[in-house]
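Positions are given from 1, in the same order as the sequence printed here. As the structure is a computational prediction, the values presented were derived from the model and not from experiment. Atoms considered below: every heavy atom in the structure, side chains included; atoms not considered: hydrogens, waters and symmetry mates.
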Amino acid sequence: MQPPGIYNHHRLPPTSGPAQPSVLSASSSARLGEFFDLIKNEFEQVGADGNIWKQQRDEYEAKIQQQINELGMIRQSLYELEANHVKIRNEYEAEIARLRKELDARGPGGGPSGGAPTSPPELPRPGAEDRPPYGVTLPGPPLNGEPGGSRSPYPPPGVAGPRAGSTDRERERRGRDRAVVPSNVPPSPPVHLSDLDPDNVSRELKKEGGDWQAMWSSQMRKQLDVALVHTLEHETVVCCVKFSNDGKYLATGCNRTAQIYDVKSGGRVTTLQDEAANRTGDLYIRSICFSPDGKFLATGAEDRQIRIWDIKQKRIRHLLQGHMQEIYSLDFSRDGRFLVSGSGDKSARIWDIEKGICVFDLRIEDFIHNEHGPIDAGITSVALSPDGKLVAAGSLDTMVRVWNVTTGQQVERLKGHKDSVYSVAFSPDGKCLVSGSLDRTLRIWDLSATKREVESLPPGSKDVQKNLGTCQSTLNGHKDYVLSVAISPDGQWVVSGSKDRSIQFWHIASGQAQLMLQGHKNSVISIDLARSGGYLASGSGDCMARIWKYEPIGGRD
């Protein structure tokens, strides 16, 4: 018998271990299902909340859109009301002007005068972004101050003419007006030359040519006589005219070309055209100026470049670049060393002609603001004082500014015009400045104190007293925008050209109109008086330039 040992063990019964995992698995599955149910419920709750938020968002967007639509309707209604208001106002003003004209022109027991001339076509504004099509009206500067619609607060010219279809009430009112005017009382003279009816002007105060006429004011002694010398036909709008210093030649600027004419004969001497310029579209020459010695001609164009032409060689001596917009005005210094230019980029530049470089960049920084922000202050006209110490500039923002050429410092901001200033000119002694505006007026500014202050300034000093200039007088009489002004060499007369197609002579000392010239069939865009005296040039949207002769009565050769 073998002893017990390790080999004599008993087999143990099977344990219950394998059944344990099934219980745990069932419990875990139950807990997992609960978690999934919670997640599902949470997801469904979030989805429901999202649907509610989406519905609320849609409702808010619908309300906002409804309010936007209502605002659009309100704005449209305001536009319509404004248009109706302007229309009604213009009709009332036209009727008042017509009745006033009838009363002024009515003689003893007479009836109303004939109708007024029709208004010329609208002038387009300048600017790269809104440049108008060119044709029978002037291509830009902003020659009527309207970027799309008229900025002027005044009704268009010519509305003073009688309207057809007057009502019975109007006829009765005119009858009553007639009844209260005693037949033995002479009619009061019209306030302005532009109100005159040529048929009612006495023979002594009227002069007629083939296609032009002149009328003198009855309120001032007749001191000047005038006559048409030459009519110079062009293929396009005549944007600018300028005499040479000796008065022997006249330069005109048109689309792509500058012409030079002999003043005495009226014959064309030469035509200048830059063949290298881009041939796409139009390229109007907006400003033109002879050098004092007559050897060079400066032209400013819509391509923002100034060309200095050698007239005899018919080639470009200098091409001056730097302006960022169209060049609207040029003026040489009396010694011929410098040229000042004015541009729509709100700057006037002074150029050294010999070197062909810019020596001063005079920028407008004192902008005028309205509810929409700063008003465009593009420069439309520049003038250099006879002594070369001051530069004056007219701007779209209604201001006339004056700079000291020596220091580049602005010394004047002349405020008074109600609309854009389109032309400025110095008197021969430099003490006065005249400006013409879209508000239909001219203003004469006294700069004698400014001139003395600048002349007394020590070299290198900038401690100058500013804004000493004052408005000496305001000249009213044009029916539409004043586009160009000039002062006679003797300093006695101001001449103005207007969109109403007329040219007027004004006596500076009295501020009264002397005479009115009519003959152009479109706006008188540019005028110039010969420094040698006796000649007036005018350029118009009718594609004509005209040379006129004026002289004192009793002082003829």
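- Distance alone, capped at 3.5 Å, is enough to place a donor-acceptor pair between the Ser343 side chain and the Gln325 backbone.
- Using a 30° and 60° split on the angle between ring planes, Trp548 and Trp212 fall in the perpendicular class, above 60°.
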With side-chain hydrogen bond (donor to acceptor under 3.5 Å, both in side chains) as the criterion, how do Gln504 and Ser496 come out once you've worked through the C-alpha distance, each side chain's angles and the decisive distance to 0.1 Å? CA-CA 5 Å; Gln504 294 198 32; Ser496 56; 5.7 Å; no
After noting the C-alpha distance and the side-chain angles of Arg98 and Glu95, does the key distance pass the salt bridge (Lys or Arg N to Asp or Glu O under 4.0 Å) rule? CA-CA 5 Å; Arg98 185 184 64 77; Glu95 181 65 13; 2.3 Å; yes
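- For Lys206, the NZ atom sits in a packed shell: over 12 heavy atoms of surrounding residues, nucleotides or ligands are nearer than 6.0 Å.
- Annotation: side chain of Asp361 is in contact with side chain of Arg349 (closest heavy-atom distance under 4.5 Å).
- Considering OG1 of Thr398 and NE2 of His417, their distance stands at 8.5 Å, rounded to 0.5 Å.
- At distances below 3.5 Å, not a single donor-acceptor pair connects side-chain atoms of Arg546 with backbone N or O atoms of Thr231.
- Between Ile364 atom CD1 and Trp403 atom CH2 the span is 4.5 Å, to the nearest 0.5 Å.
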Between Asn404 and Leu457, does a side chain to side chain contact (heavy atoms under 4.5 Å, CB included) hold up when you go through it step by step? CA-CA 10 Å; Asn404 181 344; Leu457 196 67; 3.8 Å; yes
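- Atoms OG and CD1, from Ser244 and Ile260 in turn, are 9.0 Å apart once rounded to the nearest 0.5 Å.
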Working note: Phe290 + Tyr249, criterion ring-ring contact (aromatic ring centres under 6.0 Å, His included); need CA distance, chi angles, decisive distance, verdict. CA-CA 9 Å; Phe290 280 98; Tyr249 300 99; 7.1 Å; no
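- In this structure, the separation between NZ on Lys207 and CE on Met215 is 14.5 Å, given to the nearest 0.5 Å.
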Evaluate the side chain to side chain contact (heavy atoms under 4.5 Å, CB included) criterion for residues Arg443 and Thr474: first the C-alpha distance (whole Å), next the side-chain angles of each, then the deciding distance (0.1 Å), finally the verdict. CA-CA 4 Å; Arg443 285 182 177 255; Thr474 301; 3.5 Å; yes
Can you check ring-ring contact (aromatic ring centres under 6.0 Å, His included) on Tyr261 and His234, steps first, answer last? CA-CA 12 Å; Tyr261 294 88; His234 293 69; 5.6 Å; yes
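- Using a 4.5 Å heavy-atom threshold, the side chains of His507 and Gln514 count as separate.
- Within a 6.0 Å sphere centred on NZ of Lys346, other residues, nucleotides and ligands contribute more than 12 heavy atoms.
- Shown here is Arg100, whose CZ atom has no more than 12 heavy atoms of other residues, nucleotides or ligands within 6.0 Å.
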Evaluate Val400 against Ser395 for side chain to side chain contact (heavy atoms under 4.5 Å, CB included), listing each step before the verdict. CA-CA 6 Å; Val400 178; Ser395 302; over 6 Å; no
